Amino acid sequence: MADLKVYNTLSRQKETFTSLIPGRVGMYVCGPTVSGESHLGHARPFITFDVIYRYLTHLGYAVRYVRNITDAGHFEEEGREAEDKISEKAVLEKLEPMELVQKYTNLYHWAMRRFGNLDPSIEPTATGHIVEQIGMIQQIIKEGFAYEANGSVYFDVDKYNTHYKKLGQPYGILSGRILEDLKESQRELDNQEEKRNKADFALWKSAPPEHIMRWASPWGEGFPGWHIECSAMSTKYLGPRFDIHGGGMDLEFPHHECEIAQSTVCNHEMPARYWLHNNMITINGRKMGKSYNNTIKLTELFSGSHHLLDQPYSPMTIRFFILQTHYRSTLDFSNDALRAAEKGLRRLWESYEALKKLPGSLAVANAGAATNAAAAGAQPAAAPTDPELDVKVNRLLDEMDESMNDDFNTAKVLANLFELAPVVNGIKDGHVKTNALSAQTYSRLNSYYKAYLEDVLGLQDEKGGDDQLLQNVLQLLIDLRKEARTKKDYATSDKIRLQLLDMGVMLKDEKDGNVSFTIN
RNA sequence: GGUCCUGUGGCCGAGUGGCUAGGCAGAGGUCUGCAAAACCUUUUACAGCGGUUCGAAUCCGCUCGGGACCUCCA
């Protein structure tokens, strides 16, 4: 199998992935700030890195996947109103800060489940690691790269840059920025007088009296700066140097840049080896984000209750929609695109259902042939009667591995599955002969379908047919309709079908006389 | 202003030098009591101009358009 190649933002090129410890991978992904409801834009990194997590696992790595929850609240550290967002909103909503945080954390977890995202190995919270953050800040001060001013502590970017430039790691190494340029281009902001330089960033902020979230520290009561939590938690759970750090492209600067600076000062090495960044979801060509006031919340997406939505879209539709684009490309939202994804997913999933229903027949039939052939001293595997198709199927399967190994090209994997779907459907319809493929190829087809669709891409069945009572009732209706059709009583049979359709149950008469149904 | 990314057919979107991407939509057909699905066939591409090359959507230059970061941000 070809090597796994990943695009490393640090080097701006694809690199062959190797883990620090053979067989093990440490991965840190920046999680959500739970000061509000997640929107479609937030879904992208969590689905992207869920697939990366799944794929690394699929390759046999034991992965420790750490994804934090930022519940201490960011603040506009260089901002106009240096105020904790969470505490501000808490006042508005008349809730305890932690009550608010709990509410949005629960909502976020609910959304992650619905998307079929696996739980990370560790999901540390910022508020749960104040001690570690303070310890790290003390260490940075001790190393001489931070200074205190009026109960706040700032990172000395200038000094860091001067010192680490010599070691080949200037400030801006990740985002390609030059500190001197930054100084010129930075905006004039208020409340900067405590900083020695504009590029400096807060490690600890002194809390004004109205600030609700506050902790005691060596510098007085306050709260941690935005960037320090990720440095503290990644170091604690993955060590000073780990394999993968992920997040959205908009975090590249300044967040990840600052993380690198902090961790490097404390641990004397670049924290992560591979920095992976997903691109943004756009809407009408513009990034979906708070600042643009163009977000669609996940609850709105699932229910269809947003003026830009023509209909509700299920979590799996959104997952599929996201995976149909490479993670480093922008992905433009539109109803047409979502609808296309919904239909495409249904088509693909139905071919998978069809495949699952014909398991043994083909394999057994061909395996039987193989056994006989082997007994006769011939080739151990049954030869395909359609070698051309057999080769094509194998090529499509091989390409799926190659595509994932090429920086997680899920779009290409899905395209190949779409090319395999007619083969599967053809076997089901009987129009592709059962022995067209060799037993071995057929078995590969089966295992790849499952491995990719379910295990790697994390897609799952959404039809709500789990209820046994509902299944039984539907079966009764199907039987009644079948009887009516036998008697050519089409008025009755159509009534059953059409009324069920109104209720969201679609019946389909299969070629073999069976009736299948899908529930919306 | 600085740094960087990007422009593919009606829509969405792979693809980095020669090989039909794929999905959705559209058209025709097969099947079917009808419907849906499925299957087969099929129309519409690579922003513009110039260059490199035997050959470019793919490399280079210019022009035009779109976007991201530089401020909280996935």
Side-chain angles (χ1 to χ4, degrees), chain A residues 12 29-33 35 38-49 73-80 85 172 175-178 180-187 189 199 226 246-255 257 277-282 285-292 295 320-321 324-326 328-348 350-351 354 399 403 406 409-419 421-422 424-426 428-432 485 488-490 493-494 497-498 501 506-511 516 518:
Chain A
R12 305 201 170 266
V29 173
C30 290
T33 303
S35 60
S38 298
H39 59 73
L40 176 58
H42 296 120
R44 173 104 102 143
F46 305 136
I47 289 172
T48 297
F49 287 101
H74 294 167
F75 43 85
E76 310 216 355
E77 57 181 27
E78 298 170 336
R80 294 128 240 188
K85 282 190 302 194
S175 55
R177 283 173 167 74
I178 312 288
E180 285 68 32
D181 296 346
L182 280 172
K183 285 178 180 169
E184 283 170 25
S185 68
Q186 275 202 340
R187 301 179 191 188
L189 299 166
W226 172 32
M249 267 183 189
D250 48 356
L251 295 182
E252 204 176 295
F253 188 90
H255 184 56
E257 205 70 72
H277 292 96
N278 64 274
N279 213 319
M280 302 292 104
I281 288 183
T282 59
R286 188 154 226 116
K287 174 184 167 184
M288 183 179 287
K290 277 196 285 261
S291 326
Y292 298 111
T295 60
F320 182 82
F321 171 65
Q324 252 191 317
T325 305
H326 185 89
R328 284 191 292 110
S329 300
T330 53
L331 168 56
D332 199 53
F333 161 88
S334 73
N335 279 287
D336 285 345
L338 258 320
R339 252 197 307 272
E342 185 178 50
K343 289 195 176 180
L345 172 60
R346 189 183 304 157
R347 187 164 117 78
L348 205 50
E350 281 180 10
S351 76
E399 278 178 6
S403 300
D406 184 15
N409 193 341
T410 54
K412 185 72 170 77
V413 171
L414 286 170
N416 280 27
L417 282 166
F418 272 115
E419 289 203 66
V424 171
N425 289 329
K428 179 188 135 198
D429 287 354
H431 127 268
V432 173
R485 289 182 72 205
K488 297 203 190 294
D489 176 7
Y490 295 123
S493 71
D494 285 356
R497 195 187 71 222
L498 294 172
L501 189 61
M506 193 201 283
L507 298 186
K508 282 191 279 188
D509 295 318
E510 303 287 349
K511 279 216 164 127
S516 66
T518 51

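Hydrogens, waters and symmetry mates play no part in the numbers below; they use all other heavy atoms, side chains included. Fair warning: this is a prediction, and the values are worked out from it, not measured in the lab. Residue numbering restarts at 1 for every chain, and letters A, B, ... go by the order of the sequence lines.
Look at A/Arg328 and you won't find any side-chain N or O under 4.0 angstrom from OP1 or OP2 of B/A14. A/Asn409 has a side-chain polar atom (N or O) that falls below the 4.0 Å cut-off from OP1 or OP2 of B/G15. Not one side-chain nitrogen or oxygen of A/Ser403 sits closer than 4.0 Å to the OP1 or OP2 atom of B/A14. For B/A37, neither phosphate oxygen OP1 nor OP2 lies less than 4.0 angstrom from any side-chain nitrogen or oxygen of A/Arg346. Using a 4.0 Å cut-off, no side-chain N or O of A/Ser175 falls inside it from OP1 or OP2 of B/U3. For the pair A/Asn425 and B/C39, the criterion of a side-chain N or O lying under 4.0 Å from OP1 or OP2 is met. Proximity of A/Arg44 to the phosphate of B/A74: no side-chain N or O atom is located under 4.0 Å from OP1 or OP2.
Using a 4.0 Å heavy-atom criterion, one finds that A/Glu419 contacts the sugar-phosphate atoms exclusively. Residue-level contact check: A/Gly285 touches the backbone only, with heavy atoms under 4.0 Å from sugar-phosphate atoms and none from bases. At the heavy-atom level, A/Lys343 lies under 4.0 Å from the strands shown only through sugar-phosphate atoms.
Rounded to whole angstrom, the span from the OH atom of A/Tyr292 across to the P atom of B/C72 amounts to 13 Å. Going from atom CG of A/Asp336 over to atom C1' of B/C12 covers 9 Å, rounded to whole Å. Atom CD of A/Glu342 is separated from atom C1' of B/C24 by 11 Å (rounded to the nearest Å). With rounding to whole Å, A/Asn416 atom CG is found 12 Å from B/G15 atom P. For the pair A/Leu345 CG and B/C24 C1', the interatomic distance rounds to 13 Å; values are reported in whole Å. Taking atom CZ on A/Arg12 and atom C1' on B/C5, their separation rounds to 10 Å, with Å as the unit. Rounded to an integer number of Å, the gap from A/Lys290 NZ to B/U71 P is 16 Å. Note: NE2 (A/His277) to P (B/C5) measures 15 Å, nearest angstrom.
Closest non-hydrogen pair, A/Ala341 versus A/Phe320, comes out as O-CD2, 3.4 Å. Summarising the geometry of A/Ala354 relative to A/Val424, their closest heavy-atom pair is CB-CG1, 4.3 Å, with the distance given to 0.1 Å.
Residue A/Arg286 has its side chain nearest to B/G67 when only B/G67, B/C24, B/A21 are considered. The side chain of A/Asp181 lies closest to B/G2 when the candidates are B/A14, B/A74, B/G2. Here the nucleotide nearest the side chain of A/Ile281, chosen from B/A74, B/G67, B/G23, is B/A74. The side chain of A/Met506 lies closest to B/A36 when the candidates are B/A36, B/C39, B/A14. Of the candidates B/C70, B/A21, B/C39, the closest approach to any side-chain atom of A/Asp429 belongs to B/C39. When each of B/C70, B/A74, B/A14 is scored by its nearest atom to the side-chain atoms of A/Pro254, the top-ranked nucleotide is B/C70. Nearest to the side chain of A/Thr325, among B/G23, B/G13, B/C70, sits B/G13. Listed nucleotides: B/G23, B/A14, B/G13. Nearest to the side chain of A/Leu331: B/G13.
If you take atom P in B/G29 and the same atom in B/A68, they sit 47 Å apart, rounded to whole Å. For the C1' atom pair drawn from B/U20 and B/C46, the interatomic distance equals 15 Å after rounding to whole Å. When the P atom is used for both B/C40 and B/A25, the distance is 16 Å, rounded to whole Å. Remark: the separation of the C1' atoms in B/G55 and B/C62 is 23 Å, to the nearest Å. Comparing the same atom, C1', in B/G2 and in B/U52 gives a spacing of 31 Å after rounding to whole Å. Nucleotides B/U43 and B/G50 are separated by 29 Å at their P atoms, to the nearest Å. The same atom, C1', is picked in B/C64 and in B/U71; the two are 30 Å apart, to the nearest Å. Comparing the P positions of B/A27 and B/G61 gives a spacing of 45 Å, expressed to the nearest Å.
Taking only distance into account, the side chain of A/Ser334 never meets the base of B/C11 through a donor-acceptor pair shorter than 3.5 Å.
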Original post:
After noting the C-alpha distance and the side-chain angles of A/Gln324 and A/Leu331, does the key distance pass the side-chain contact (heavy atoms from CB on, under 4.5 Å) rule?
Top reply: CA-CA 9 Å; A/Gln324 252 191 317; A/Leu331 168 56; over 6 Å; no
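Mapping A/Arg177 and A/His431 onto RNA chain B via the closest heavy atom, the residue that lands nearer the 5' end is A/His431.
One finds the OH atom of A/Tyr292 at 11.0 Å from the OG1 atom of A/Thr282 (value rounded to the nearest 0.5 Å). To the nearest 0.5 Å, atoms CG (A/Leu345) and CG (A/Leu338) are separated by 11.5 Å. Summarising the geometry, atom CG belonging to A/Asn335 is positioned 10.5 Å from atom CD belonging to A/Glu342; distances are rounded to the nearest 0.5 Å. Atom CG of A/Asn278 sits about 11.5 Å away from atom OG1 of A/Thr330, to the nearest 0.5 Å.
Across every strand in view, B/G9 sits unpaired, with no contact that passes the Watson-Crick or G-U test at under 3.5 angstrom. Checking B/G1 for Watson-Crick or G-U wobble geometry (two distances, each under 3.5 Å) identifies B/C70 as its partner. Judged by Watson-Crick or G-U wobble contacts below 3.5 Å, the nucleotide B/C62 has B/G48 as its partner. Under the Watson-Crick or G-U wobble criterion, with both distances below 3.5 Å, B/C39 is paired with B/G29.
Here the side chains of A/Lys412 and A/Asp406 are not in contact, with every heavy-atom distance at 4.5 Å or above. At a threshold of 4.5 Å between non-hydrogen side-chain atoms, the residues A/Glu350 and A/Asn425 do not count as touching. A/Met249 is listed as a side-chain neighbour of A/Met280, based on a closest heavy-atom distance under 4.5 Å. By the 4.5 Å heavy-atom criterion applied to side chains, A/Glu257 and A/Ser175 are counted as neighbours.
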**OP:** Take nucleotides 29-34 of chain B nucleotide by nucleotide from the 5' end and write B, S or -, depending on whether a protein heavy atom sits under 4.0 Å from the base, only from the sugar-phosphate, or from neither.
**Re:** --S-BB
